[in-house]
S.K.: 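Sharing a structure with you now.
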Amino acid sequence: MTENISSILQGGYNHPTLRLWQSDRILRKASLMYPIFINGKDDNAEEPISSLPGQKSPVILAVKLIREKFPELYIACDVCLCGYTSHGHCGILNDDGSIDNLSTVNRLAEVATNYAKAGAHCVAPSDMMDGRVIMIKESLIREGFGNKVALMSYSAKFASAFYGPFRDAADSAPQFGDRKTYQLPPNARGLARRAITRDLGEGADIIMVKPGMPYLDVVRDAKELAPDVPIAVYQVSGEFAMIWHSAEAKVFDLKTAVFESIDGFLRAGANIIITYYTPQLLDWLEA
């Protein structure tokens with residue numbers, strides 16, 4: 001035999017069960033989170049979002065109502081100010097248009113604590129302000145939620161082109177400028193690692209990377225920096241739309257492409273996958 005025995009690999013994955021055993025992680029229903037948008041304008045309204053097919057704003061009055069109607073659900077609340085400001089930025093502004101970081105993190109802590117009081121199981125600051133994790137954590141502890149509510153930090157959130165459809169849905173596009181002074185530069189792997197390490201030190205229970213597919217190396221970095229902490233990845237609206245419309249154009253099969261993208265997240269080290277494809281994935285996992 002001319003080949004080195006260690007070069008023979010195919011015997012280890014020539015059966016579907018063997019291929020599962022070779023996988024780094026297996027997708028479970030509990031690994032998935034579904035982002036939904038709260039419509040505060042009309043209690044009975046459902047607003048279609050043209051750039052996010054199938055994601056209509058649900059009729060939700062409050063976290064309390066969700067807890068009442070669906071007590072088995074785990075509820076995580078995104079914590080940010082962009083959807084509630086006239087300017088669309090993620091914080092309170094100084095007169096010169098820059099972010100007032102201290103005022104912003106104080107307000108974020110107040111919002112997060114109110115979500116906890118309403119019944120949220122998890123609060124997830126997505127603003128990327130410096131020091132907001134420790135401010136929120138200390139507020140939760142003061143109010144008696146330190147051992148009841150998890151803090152999932154958007155630690156490595158990049159200034160990405162893939163957020164467009166979300167901003168349609170949340171009506172939160174900045175009215176001037178951009179978010180590049182507080183969201184991470186796309187090529188800044190070192191900054192992402194520093195932000196992950198900082199948020200761990202400030203008390204984050206879960207670390208998130210956002211977006212997902214263009215930043216699989218950062219997901220892997222997060223898992224290496226925090227091997228004992230759950231790692232979340234957010235497959236954002238632009239990623240959803242890119243796959244959806246490509247499948248609509250018959251570029252590839254939707255189910256196959258979605259599962260391949262999810263496998264990439266799992267392989268990189270993610271434990272939690274936030275995706276608009278959650279309803280389809282739950283059905284496909286039943287099949």
S.K.: Within the 4.5 Å heavy-atom criterion, are L65 and E68 side-chain neighbours or not?
M.R.: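 Contact flag for L65/E68 side chains = yes.
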
S.K.: Does NZ or CZ of K210 lie under 6.0 Å from the centre of the six-membered ring of Y163, at an angle within 45° of the ring axis?
M.R.: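 Because its charged atom sits under 6.0 Å from the ring centre and within 45° of the axis, K210 does stack over Y163.
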
S.K.: Hey, does S139 have a side-chain heavy atom less than 4.5 Å from the side chain of F145?
M.R.: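 The answer is no; the side chains never approach within 4.5 Å.
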
S.K.: With no hydrogens and no angle check, just 3.5 Å: does a side-chain donor-acceptor pair link Y154 and D78?
M.R.: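 Side chains of Y154 and D78: pair found under 3.5 Å.
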
S.K.: Nearest 0.5 Å please: distance from the CD1 atom of I99 over to the CE atom of M129.
M.R.: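 The CE atom of M129 is 4.0 Å from CD1 of I99, to the nearest 0.5 Å.
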
S.K.: Mind checking the CG-CD1 spacing from L200 to I206? Nearest 0.5 Å is all I need.
M.R.: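 Interatomic distance, L200 CG to I206 CD1, rounded to 0.5 Å: 11.5 Å.
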
S.K.: Say whether I134 and Y182 are linked into one hydrophobic cluster, either directly or through other cluster members, by side-chain heavy-atom distances under 4.5 angstrom.
M.R.: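 Looking at the clustering, Y182 is in a separate group from I134.
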
S.K.: Minimum heavy-atom separation for L216 to A268, with atom names?
M.R.: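 Between these two residues, the closest heavy atoms are O-CB, 3.6 Å.
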
S.K.: Over 60° means perpendicular and under 30° means parallel, so tell me whether F240 and Y276 are parallel, tilted or perpendicular.
M.R.: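 Geometry flag for Y276 against F240: perpendicular rings.
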
S.K.: How long is the straight-line distance from CG of D221 back to CZ of R189, given to the nearest 0.5 Å?
M.R.: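 So the gap between those two atoms works out to 4.0 Å.
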
S.K.: With the 4.5 Å side-chain cut-off for hydrophobic clustering, are F252 and F265 part of the same group?
M.R.: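 Both belong to a single hydrophobic cluster.
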
S.K.: Are more than 12 heavy atoms from other residues, nucleotides or ligands located less than 6.0 Å from atom CD of E224?
M.R.: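 Above 12, so yes.
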
S.K.: Would you give the length of the straight line joining atom OG of S153 to atom CD of E202, rounded to the nearest 0.5 angstrom?
M.R.: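 Output value for this atom pair is 8.0 Å.
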
S.K.: Please report the closest heavy-atom contact between I207 and A222, naming both atoms and the distance.
M.R.: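 The answer is CG2-CB, 4.4 Å.
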
S.K.: Just so I know, are the side chains of L254 and I243 near enough to count as touching, which here means a heavy-atom distance under 4.5 Å?
M.R.: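 L254 reaches I243 side chain to side chain.
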
S.K.: Does D130 offer a backbone N or O that forms a donor-acceptor pair with the side chain of N101 under 3.5 Å?
M.R.: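 Yes.
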
S.K.: Please round to the nearest 0.5 Å and tell me the distance separating atom CZ of F158 and atom CE of M128.
M.R.: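 If we round to the nearest 0.5 Å, F158:CZ and M128:CE are 8.0 Å apart.
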
S.K.: Treating R132 as the side-chain partner and V105 as the backbone partner, does any N or O pair qualify as donor plus acceptor under 3.5 Å?
M.R.: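 A pair under 3.5 Å: no.
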
S.K.: Taking atom CZ of R107 and atom CG of D127, what is their separation to the nearest 0.5 Å?
M.R.: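 Output value for this atom pair is 13.0 Å.
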
S.K.: Same hydrophobic cluster for Y74 and Y115, using side-chain heavy-atom links shorter than 4.5 Å among ILVMFWY?
M.R.: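 No.
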
S.K.: Report yes if some heavy atom in the side chain of I262 is under 4.5 Å from a heavy atom in the side chain of Y277; otherwise report no.
M.R.: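 A side-chain contact under 4.5 Å is absent here.
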
S.K.: Check the side chains of S261 and Q235 for a donor-acceptor pair under 3.5 angstrom, ignoring hydrogens and angles.
M.R.: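 Their side chains do contain a donor-acceptor pair, which is all the 3.5 Å distance test asks for.
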
